[in-house]
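Taking it in order: structure first as structure tokens, then the write-up.
These numbers come from the heavy atoms of this one structure, side chains and all, not from hydrogens, waters or symmetry mates. All chains are named by letter (A, B, ...) in the order of the sequence lines, taking the proteins before the strands, and each is independently numbered beginning at 1.
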Amino acid sequence: MPELPEVETVVRTLAPHLKGQRIARAEFRSKFVTPGDRKALAARLAGREIVSIERRGKFIWIRLDQGSLAVHLGMTGRLLFNGVEGPHTHGVFELNDALLIYDDPRQFGRIEWSAGGATPKRIAVLGPEPLIIPAADFIGQLRARTTKVKPLLLNQTFLAGLGNIYVDEALFRAAIHPNTSAKKISRPKAQVLHQAIVEILKVAIDHRGSSISDYVDADGQRGGFQSLHQAYGREGEPCVRCQTPIKKILVAQRGTHFCPRCQRR
DNA sequence: CTTAATGTTCCCCA
DNA sequence: TTGGGGAACATTAA
């Protein structure tokens with residue numbers, strides 16, 4: 001569910017609720033979501049104050065008065081403020097006067113603790129933020145790589161935050177075939193791609209992300225950007241530019257949507 | 001019953 | 001060393 005715009009929306013909806021809250025008690029129930037000693041993690045969190053919450057790539061970084069939590073929502077993770085516990089609730093945070101629930105049917109998400117003020121390792125290894133990296137840097141780094149452009153944009157150590165939906169959307173808008181070798185993309189084309197990524201992410205954030213199946217923000221509200229998708233999930237439907245049916249192929253084991261006429265290799 | 005799903009990581013091979 | 005392919009993780013829905 002969660003790529004950069006969705007995670008950003010979760011953080012924005014969660015931040016005002018968590019400000020100044022203290023974790024009275026915590027409980028974790030999944031060995032996948034919370035690897036290691038779950039009881040020890042819960043004990044460590046009891047009594048901690050939430051200092052800040054921010055997004056980095058697809059991670060939610062919650063800083064505490066001692067240590068911090070790195071939360072990744074995986075495919076189906078949800079952080080729900082005053083949510084109701086269900087069969088897929090794997091994390092419970094009892095706050096001063098509220099309940100924060102972590103739900104995740106597939107359990108691909110992770111909640112991990114880091115000591116002190118250190119940046120959690122998983123966050124430290126991330127590539128630049130798409131909305132911050134200067135175009136010139138992006139262009140140079142893109143053209144230095146030999147990989148196909150789609151898997152490269154999905155690589156979080158290259159660029160942090162894009163997932164399957166927004167890569168397909170960005171490549172569609174930049175009219176680049178997903179199998180194009182990154183180094184073969186011309187400078188002007190790379191510039192267009194950078195611009196497309198920035199525009200897509202900004203508009204998607206404005207629309208509170210894409211709700212494909214079950215994504216909701218921390219207040220349980222769905223996003224609206226899915227109705228503005230031009231490639232993702234539009235297999236067989238006419239291209240908005242040339243009416244050619246959108247094609248779906250497999251690239252790097254991911255379903256990939258593109259216009260065979262607008263996006264040529 | 002089979003397949004695919006917003007993600008990441010790890011192993012194997014070229 | 002780099003990159004690609006495939007599998008794995010767990011669950012649900014079509």
Q.
Could you tell me how far apart A/Lys150 (NZ) and C/dG5 (P) are, to the nearest whole angstrom?
A. 13 Å
(Q) What is the separation between atom CG on A/Asp103 and atom P on C/dA10, rounded to the nearest whole Å? (A) 18 Å
Q. Whole Å only: how far is the OH atom of A/Tyr215 from the P atom of C/dA13?
A. 20 Å
Q) Quick one: which of C/dG3, C/dA10, B/dT9 gets closest to the side chain of A/Arg122? A) B/dT9
Q) Is a side-chain donor or acceptor of A/Glu112 paired with a backbone partner of A/Val71 at a separation under 3.5 angstrom? A) no
Q) Between C/dG3, C/dA10, B/dA5, which one does the side chain of A/Phe32 approach most closely? A) C/dA10
Q) A/Tyr232 has a side chain; which of B/dA4, B/dG7, B/dT6 sits nearest to it? A) B/dT6
Q) Can you tell me if the side-chain N/O atoms of A/Ser210 get under 4.0 Å from OP1 or OP2 in B/dT6? A) no
Q: Kindly express the pairing pattern of DNA chain B in dot-bracket notation, using | wherever a base pairs with another strand and counting only Watson-Crick or G-U pairs under 3.5 Å.
A: .||||.||||||||
Q: May I ask you to evaluate whether A/Lys58 reaches the phosphate of B/dT8, defined as a side-chain N or O under 4.0 Å from OP1 or OP2?
A: yes
Q: Would you kindly give the CG-to-P distance between A/Leu250 and C/dG4, to the nearest whole Å?
A: 14 Å
Q.
Less than 4.0 angstrom between a side-chain N/O of A/Thr147 and OP1 or OP2 of C/dG3, yes or no?
A. yes
Q) CZ of A/Arg55 versus C1' of B/dT6: gap in Å, rounded? A) 15 Å
Q) Which is true for A/Lys248 with a 4.0 Å heavy-atom rule: it touches a base, it touches only sugar-phosphate, or it touches nothing? A) sugar-phosphate
Q. Quick one: is A/Arg106 getting a side-chain N or O under 4.0 Å of the B/dA5 phosphate, OP1 or OP2?
A. no
(Q) If you compare every side-chain N and O of A/His72 against the phosphate oxygens of B/dG7 (OP1, OP2), does one of them come in below 4.0 Å? (A) no
Q. Which listed nucleotide (C/dG5, C/dG3, B/dG7) is nearest to the side chain of A/Lys148?
A. C/dG5
Q. So, are A/Arg78 and A/Asp217 salt-bridged, with charged N and O less than 4.0 Å apart?
A. no
Q. Expressed in whole Å, how much space separates the C1' atoms belonging to C/dG5 and B/dT6?
A. 22 Å
Q: For A/Ser211, answer base if it contacts any base atom (sugar-phosphate contacts may also be present), sugar-phosphate if it contacts only those atoms, and nothing otherwise; contact means non-hydrogen atoms under 4.0 Å.
A: nothing
(Q) For a quick test of reading the model: is some side-chain N or O of A/Arg254 closer than 4.0 Å to OP1 or OP2 of B/dT6? (A) yes
Q: Check every strand shown and say whether A/Gln253 touches a base, only sugar-phosphate, or nothing at a heavy-atom separation below 4.0 Å.
A: base
Q | d(CG, A/Leu162; C1', B/dT8) in whole Å | A | 15 Å
Q.
Taking the minimum atom-to-atom distance to the side chain of A/Pro2, which one of B/dT8, B/dT6, B/dA5 wins?
A. B/dT6
Q. When rounded to the nearest 0.5 angstrom, what distance separates CG in A/Asn164 from CD1 in A/Ile212?
A. 10.0 Å
Q) Nearest to the side chain of A/Gln107, which nucleotide is it out of B/dT8, C/dA10, C/dG6? A) C/dA10
**Q.** A/Ile60 CD1 - B/dT6 P separation (whole Å)
**A.** 19 Å
Q: List, by chain and then residue number, the residues other than A/Ile249 in its hydrophobic cluster (Ile/Leu/Val/Met/Phe/Trp/Tyr, side-chain heavy atoms under 4.5 Å); write none if there are no others.
A: A/Val251, A/Phe258
Q: Look at the side-chain N and O atoms of A/His88 and state whether any lies under 4.0 Å from the OP1 or OP2 oxygen of C/dT12.
A: yes
Q: May I ask you to evaluate whether A/Gln156 reaches the phosphate of B/dG7, defined as a side-chain N or O under 4.0 Å from OP1 or OP2?
A: no
Q. What do you reckon, is CD of A/Gln191 surrounded by more than 12 foreign heavy atoms closer than 6.0 Å?
A. no
(Q) Could you work out, with ring pair (Phe, Tyr, Trp, His ring centres under 6.0 Å) as the rule, every residue matching A/Phe59, not counting sequence neighbours? (A) A/His72
Q) Between A/Glu129 and A/Arg56, is there a side-chain N and carboxylate O pair less than 4.0 Å apart? A) yes
Q: Decide salt bridge (Lys or Arg N to Asp or Glu O under 4.0 Å) for A/Arg55 and A/Glu6; before the verdict, give the C-alpha distance in whole Å, the side-chain angles of both, and the deciding distance to 0.1 Å.
A: CA-CA 10 Å; A/Arg55 179 194 61 76; A/Glu6 291 76 37; over 6 Å; no
Q.
Taking CZ in A/Arg261 as the centre, count heavy atoms belonging to other residues, nucleotides or ligands within less than 6.0 Å. Is the count above 12?
A. no
Q) In whole Å, what is the span from the CZ atom of A/Phe108 to the C1' atom of B/dC10? A) 14 Å
